[in-house]
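Note sheet for the following structure.
Starting from 1, each residue takes its place in the sequence as its number.
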Amino acid sequence: RDDRALRDIALRRIATDPAGTALAWARRYPQMWLGTRTEAQPMRFETGSAAWLIAKSAFYGLNLLTLALGFWGMVRRRGLFVLPVAYIALVYVPFHNSETRYSLPTLPFLYFYAAAVVSRPRPSPRTTP
């Protein structure tokens, strides 16, 4: 019953202000991808301390590197693994997509494409006639 009331509010808001709704979706969409991905794990460092800031910055950088290499690999080497990433990227647009946990299922596929970018094929041995 609670879901019905919330659904009705959401549908009314979408119907009365579709542009505002789409703008809200677009504004929070980057939060689904960008972050440290450490929010679910407690840290031993005091929040706001230098060690905490360094750790959070490192995790943010690691996530950003994974995303950059993964999406670059998807562009360079298309394949079926693009489908789960595209599905997750699109299906959460109208929902509460303001946390990195919603893009978590895409990481194995992004790791695959990131690995494809950083790995180099072995040179084939030269054969002499």
Is the shortest side-chain heavy-atom distance between [X] and [Y] below 4.5 Å?
X	Y	result
F71	Y113	no
V82	F109	no
L107	Y111	yes
M74	L110	yes

S49 side chain to W52 backbone, donor-acceptor under 3.5 Å: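 Yes, S49 side chain to W52 backbone: donor-acceptor pair under 3.5 Å.
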So which heavy atom on [X] is nearest to which on [Y], and how close?
X	Y	value
W25	I14	CZ2-CD1, 4.1 Å
A55	M43	CB-CE, 3.4 Å
S103	T106	O-OG1, 2.5 Å
L69	V117	O-CG2, 3.6 Å
P108	P105	CD-O, 3.5 Å

Using side-chain contact (heavy atoms from CB on, under 4.5 Å) as the criterion, list what pairs up with [X], not counting sequence neighbours.
X	answer
R44	none
A58	none
Y60	L34, T36, L64
D8	R4, R12

Working for side-chain contact (heavy atoms from CB on, under 4.5 Å), residues T100 and Q31: CA-CA 6 Å; T100 55; Q31 295 173 19; over 6 Å; no
Residues, nucleotides or ligands: over 12 heavy atoms within 6.0 Å of F59 CZ: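 Atom CZ in F59 is not crowded, with 12 or fewer foreign heavy atoms closer than 6.0 Å.
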Sequence neighbours excluded - side chain to side chain donor-acceptor pair (under 3.5 Å) pairs with any residue from residues 62-82: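 Non-adjacent pairs meeting side chain to side chain donor-acceptor pair (under 3.5 Å): R37-N63.
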Partner set under ring pair (Phe, Tyr, Trp, His ring centres under 6.0 Å) for Y87, not counting sequence neighbours: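 For Y87, no residue satisfies ring pair (Phe, Tyr, Trp, His ring centres under 6.0 Å) once neighbours in sequence are set aside.
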Residues which pass side chain to side chain donor-acceptor pair (under 3.5 Å) with Y29, listed by chain and number, not counting sequence neighbours: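 Y29: side chain to side chain donor-acceptor pair (under 3.5 Å) contacts with W33.
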Residues that T21 engages under side chain to side chain donor-acceptor pair (under 3.5 Å), provided they are two or more places apart: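 Not a single residue meets the side chain to side chain donor-acceptor pair (under 3.5 Å) criterion with T21.
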Transitive ILVMFWY side-chain link L65 to L67, under 4.5 Å: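 No, because L65 and L67 fall into different hydrophobic clusters, even though each may have its own neighbours under 4.5 Å.
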E99: partners by salt bridge (Lys or Arg N to Asp or Glu O under 4.0 Å), with sequence neighbours left out: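 E99 satisfies salt bridge (Lys or Arg N to Asp or Glu O under 4.0 Å) with R101 only.
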Other cluster members, L80 - Ile/Leu/Val/Met/Phe/Trp/Tyr, side-chain contacts below 4.5 Å: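 Listed partners: L83.
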The single option from L11, D17, I9 passing side-chain contact (heavy atoms from CB on, under 4.5 Å) against R13: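 Checked L11, D17, I9 against R13; only one passes side-chain contact (heavy atoms from CB on, under 4.5 Å): I9.
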